[in-house]
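What follows is a set of notes on a single structure, which appears directly below.
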Amino acid sequence: MASSVTPPRGMRDFLPADKARREHALGTIRQAYHAHGFDEIETPVMEDAAYLHAGLGGDNEKLAFAVMRRGITDDALAAAAASGDALSLADLGLRFDLTVPLARFYASHRADLPAVFRAIQIAPVWRAERPQKGRFRQFMQCDIDIIGEAGMLAEVELISATASAIDALGLVGCRIRVNDRRILSRLLDTWAVPAELHERALITIDKLDKIGVSGVAEELAGLGVDAASAAETLGSIQDAGWHLADDGEPPAWLDLDVYDELLAIRAAVTGIELDFDPTLVRGMGYYTGTIFEISHPELGYSLGGGGRYDGMIGRFLGSEVPACGFSIGFERIIDLLADDDDAVTDAVLVIHEKNASPSELMALKQRLVAEGARVRLAGRTKNTRALLERALADGFSRYAFVAADGEIGPFRPLGSSLD
């Protein structure tokens, strides 16, 4: 018996209807981003291994697919085996996100770009994940980034453009959770966490929704934090909002200057509600300021996120360049989208007899295409109903028969014909 033929684990095939649905959603996102003044770019699917493992991608660097160098010698293989450094055999790797390629792109083309560059990247990325529900080894990312704008206008534009895309997709009930890495640093300082342990402490705080306040406090105790104090603080700040600076003395963990910046962003953003969440971390170590995530009250996971990463591009250029980005989690939202009846175009199935004239068929097809229809030619079969059902599933809206002598029958709607 022949073995089943399937895609590699964690990767998927898409049938025509699924592909059409995905492309429609991607087109909607692109249009929303373009309307906000962003320009689309394209980068290679592979980058130099040195860039992908330069400490810019956080834990995702561990999930990068490496591409082996050509002409590897036996000595090189032996040396890599002896040292345990398999990456020494690779000179390239598949991109695991779109932010590292953007930083490299900007460093390569800075002279040809405007002082403030607004970029769109919509493309697949690859990570060596353990495949499971909602986690794939190849998936689509939809990123917008603003490079060169140091002020909060970048955050306001990114959040507003993302809100426009969410609205255009028909997603309702979404909100944006916001925080700032500097507020998190102030919180850790109040617990006397040494600077070199900040990242480890933030990884622990990021588990709050999984292990709860007591679990986080217990892990923080391993870093020298008083567990009781941490539990008390975490318990109180989970309900923090936009009222912390209104009356009385603000909490010791709150950086008021940064909080005021978040309040200003909230006032300027249009199209979506912002919630202040001082426990929001975002896993990437390269974030330096504002961070944000898309939340939905009925879902236990975010639908996208981003933040400010001012230090990344400077790693390529040797000089600091402010940068901020926002990514929609496309694979998470595509299954939430309702079918869009307005997206249906005039799609015509022309069913013809086997000996119908090819020239007459093409003349009919060209006429219908010129009128704006999508047209598929199909030879008549004994089971016409199966042919019509397949066409309906593929998004076709009407059909007609063409006889051997070229006579064209009436055009009929597909749906009613199958009732």
Side-chain angles (χ1 to χ4, degrees), residues 3-13 42-108 121 123-141 143 145 196-204 206-207 210 219 222-223 281-288 305-306 309 311-318 323 325 327 329-331:
S3 60
S4 61
V5 181
T6 60
R9 290 188 65 226
M11 301 182 184
R12 298 162 291 168
D13 293 324
E42 183 174 332
T43 59
V45 302
M46 292 187 289
E47 295 284 348
D48 285 343
Y51 296 154
L52 294 174
H53 297 276
L56 302 175
D59 286 342
N60 285 334
E61 292 189 6
K62 302 173 184 176
L63 302 176
F65 283 102
V67 179
M68 296 177 68
R69 291 185 281 109
R70 295 178 61 190
I72 295 176
T73 64
D74 292 342
D75 289 343
L77 285 170
S83 65
D85 182 14
L87 281 177
S88 65
L89 302 174
D91 58 352
L92 299 171
L94 291 173
R95 63 190 178 205
F96 52 74
D97 72 0
L98 297 176
T99 306
V100 173
L102 175 65
R104 196 273 310 152
F105 172 93
Y106 184 81
S108 299
Q121 289 187 96
V125 300
W126 293 264
R127 295 178 190 171
E129 296 272 13
R130 179 176 297 168
Q132 54 186 292
K133 182 177 174 57
R135 285 191 179 274
F136 306 101
R137 289 178 171 176
Q138 177 179 322
F139 55 95
M140 190 70 68
Q141 283 195 337
D143 287 16
D145 295 81
E196 63 271 17
L197 296 179
H198 274 201
E199 283 304 317
R200 287 178 57 187
L202 291 178
I203 291 171
T204 297
D206 202 25
K207 300 177 185 177
K210 298 181 178 67
E219 283 198 20
L223 301 179
V281 173
R282 297 289 298 164
M284 293 299 190
Y286 53 64
Y287 289 124
T288 58
Y309 54 97
M312 180 181 288
I313 296 174
R315 298 276 291 274
F316 288 96
L317 287 176
S327 179
F330 182 75
E331 307 298 347

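Just the heavy atoms: all of them, side chains too, but no hydrogens, waters or symmetry mates, feed the values below.
Pairing each heavy atom of Ala64 with each of Phe96, the nearest pair is CB-CD2, 3.8 Å. Contact detail for Gly305 and Arg282: the closest heavy-atom pair is C-NH2, 3.6 Å. The minimum heavy-atom distance between Arg135 and Glu129, with the atom names listed, is NH1-OE2, 3.3 Å. Contact detail for Leu87 and Ala66: the closest heavy-atom pair is CD2-CB, 3.9 Å. Pro101 approaches Thr43 most closely through the heavy-atom pair CB-OG1, 3.7 Å. The minimum heavy-atom distance linking Pro7 with Asp13 is given by the pair CG-OD2, 3.3 Å.
Distance check: Leu63 CG to Leu94 CG gives 12.5 Å after rounding to the nearest 0.5 Å. For the atom pair CD of Glu331 and CD of Gln141, the computed distance is 9.5 Å after rounding to the nearest 0.5 Å. Atom CE of Met46 sits about 15.0 Å away from atom OH of Tyr51, to the nearest 0.5 Å. For the atom pair Thr99 OG1 and Met312 CE, the distance stands at 6.0 Å (nearest 0.5 Å). The structure places CE of Met11 at 7.0 Å from CZ of Arg137, a figure rounded to the nearest 0.5 Å. One finds the CZ atom of Phe65 at 15.0 Å from the CG atom of Leu92 (value rounded to the nearest 0.5 Å).
The environment of CG in Asp85 is crowded: more than 12 heavy-atom neighbours from other residues, nucleotides or ligands sit within 6.0 Å. Atom CZ of Arg69 sits in a crowded spot, with more than 12 heavy atoms from other residues, nucleotides or ligands closer than 6.0 Å. A 6.0 Å sphere centred on CZ of Arg200 holds no more than 12 heavy atoms belonging to other residues, nucleotides or ligands.
A 4.5 Å side-chain heavy-atom check between Arg70 and Asp91 finds every atom pair outside the cut-off. Residues Leu89 and Leu77 have side chains in contact (heavy-atom distance under 4.5 Å, counting atoms from C-beta outward).
Shown here are the side-chain contact (heavy atoms from CB on, under 4.5 Å) partners of Thr6, two or more places apart in sequence or in another chain: Ser4.
Of the possible donor and acceptor atoms, none in the side chain of Arg95 sits under 3.5 Å from a partner among the backbone N and O of Glu47.
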Verify side chain to side chain contact (heavy atoms under 4.5 Å, CB included) between Arg104 and Asp48, making sure each step is shown before the conclusion. CA-CA 10 Å; Arg104 196 273 310 152; Asp48 285 343; over 6 Å; no
Let me see the working for Leu98 and Val125 under side chain to side chain contact (heavy atoms under 4.5 Å, CB included), right down to the final yes or no. CA-CA 7 Å; Leu98 297 176; Val125 300; 3.8 Å; yes
